[in-house]
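Below is one structure, written out as structure tokens, with a few remarks after it.
Reckoned from all heavy atoms, side chains included, excluding hydrogens, waters and symmetry mates. For ligands, and for the atoms within them, numbers begin at 1 and follow the listed sequence.
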Amino acid sequence: MNIEPGDYVEVATSKGSVRGILLPRPEYGEGNIVVIKLDNGYNVGVIAKEIRLIRKGERKERERRGEIKNLKGLPTISIIGTGGTIASYVDYKTGAVNPALTAEDFIFTVPEIVKEANIRAEMVFNILSEDMKPEYWIKIARKIKDEAKFSNGIVIPHGTDTMSYTSASLSFMLEKLPFPVVLVGSQRSSDRPSSDAYMNLISAVKVAKTDLGEVVVVMHATSSDDKCLIHRGTRVRKMHTSRRDAFKSVNSRPMGEVGEEVKFYGEYRKRDDKLVLRDKMDEKVSLIYFYPGMKSDLLESLLDGMHGAIIMGTGLGHVSSDLLPILRKNIRDGVVVGMTSQCLYGRVNLNVYSTGRELKNAGVIPLEDMLPEVAYVKLMWLLGNYDLSKVKKLMRENLRGEISNRRFLE
Ligand code: ASP
């Protein structure tokens, strides 16, 4: 008898028997332990005495629960699907997590959504976010612009790994917004009992209905299901590989929270009456992590052919002094080089140590308390849209809340 993951089985254990779908072998489990998805959706691990096949498995199809009806008086929210765990299911045959849901499936998985808004849903891609690219960010930005004719708010389900790069790129490209743009992900796929997908998604829809005119990320606030936090798109970072509260606002407070209601903690940009998109990106920018022992020829090749580079330096913003000549030469040749810190928390300061002063004299731009990835995206966007002197000036200015000072709200 050939029993495979995905088959519906009965498993005899020392305490009786259980029935359900046989899941793939746990990665670190004992050889004789099998995991069964019970009919009530919970997974149990049991020591199998014997396994009996009841029926051969088929790929589980999502249940459809009827037509989506539009209700008068509710705002229209567009869900622009891009993929990631929030759009994934576990393939019981292979055990792999596949990006496979259509955008409509979100509505069927979280039926409460239709009480909040009338939904327009479309999948622009179905990829894991490690496969995101600047050209895809541009595609999403253009899709948002198209949706402005029909919608009062945008929700973008997205993989969590690079969600903050996408949120930063949309923050810069969308100079003015007539509605909120809310990115949302999940750390556990929606077919797992511990999934954070439902709460994150419904919270994102609630935020998309507010008077906000910014790009934000909405994710779990804690490891339990009590509330979600609203993070500014230029301040947020995934800070844990697996926890449901992996997303943190760095160097700033979250903008607010979502429980039953949405609550903002402080000031934010309000909806504009129009959408302004500036969607050029210069991809000739590198993001360079300095480490002790980094060789100058490696740095040289990372800068080769580039128009800009963001360095993640140590501490207040340093690299070893033997790398200075390469930086000096490249800056002289017109490469824009910005400095951020590997510490992530805090502000760079090139005035304290001699290395810092030399970097500054070489023309390295200290980027305040901006996150390295945000600086990388910002530099690509500025180089795509402005001349060199403007790029250098704007890199240090707070355009979308990416640097601490209040100016961009005015
Ligand atoms: N690797 C996945 C992604 O970023 C993880 C996730 O979605 O949470 O697409």
(request) Mark up the atoms of ligand 1 that fall under 4.0 Å of a heavy atom belonging to Leu128, in ascending order. (result) 9 (O)
(message) Ignoring hydrogens, what is the shortest heavy-atom contact between Pro157 and Ile80? Give both atom names and the distance.
(response) CD-O, 3.3 Å
(message) Per the ring pair (Phe, Tyr, Trp, His ring centres under 6.0 Å) rule, what does the pair list look like for residues 114-156, sequence neighbours excluded?
(response) Phe125-Tyr136
(message) For atom 8 (O) of ligand 1, what is the closest protein heavy atom, and at what distance to 0.1 Å?
(response) Thr160 OG1, 2.4 Å
(request) Can you pull out the closest protein heavy atom to atom 2 (C) of ligand 1? Residue, atom name and distance to 0.1 Å, please. (result) Glu130 OE1, 3.7 Å
(message) With no hydrogens and no angle check, just 3.5 Å: does a side-chain donor-acceptor pair link Gln187 and Thr160?
(response) yes
(request) Examine the side chains of Asp369 and Ser404 and answer whether a donor and an acceptor come within less than 3.5 Å of each other. (result) yes
(message) I'd like to know if Gly83 contacts ligand 1, where contact means a heavy-atom distance under 4.0 Å to any ligand atom.
(response) no
(message) Using side-chain heavy atoms (C-beta onward) and a distance below 4.5 Å, is His158 in contact with Ser167?
(response) no
(message) For atom 7 (O) of ligand 1, what is the closest protein heavy atom, and at what distance to 0.1 Å?
(response) Thr85 N, 2.8 Å
(message) Taking 4.0 angstrom as the limit and counting only heavy atoms of Ser186, give me the atoms of ligand 1 inside it, by number and element.
(response) 8 (O)
(request) Could you find the nearest protein heavy atom to atom 9 (O) of ligand 1 and give me its residue, atom name and distance? (result) Ser129 N, 2.6 Å
(request) Check whether any N or O atom of His158, backbone or side chain, sits under 3.5 Å from an N or O atom of ligand 1, and answer yes or no. (result) no
(request) Please collect all ring pair (Phe, Tyr, Trp, His ring centres under 6.0 Å) contacts where either partner lies in residues 221-266, sequence neighbours excluded, each pair once. (result) Phe264-Tyr268
(request) May I ask you to list the atoms of ligand 1 that are less than 4.0 angstrom from any heavy atom of Gly84? (result) 7 (O), 9 (O)
(request) Might you point out which heavy atoms bring Leu212 and Arg271 nearest each other, and give the distance in Å? (result) O-CG, 3.3 Å
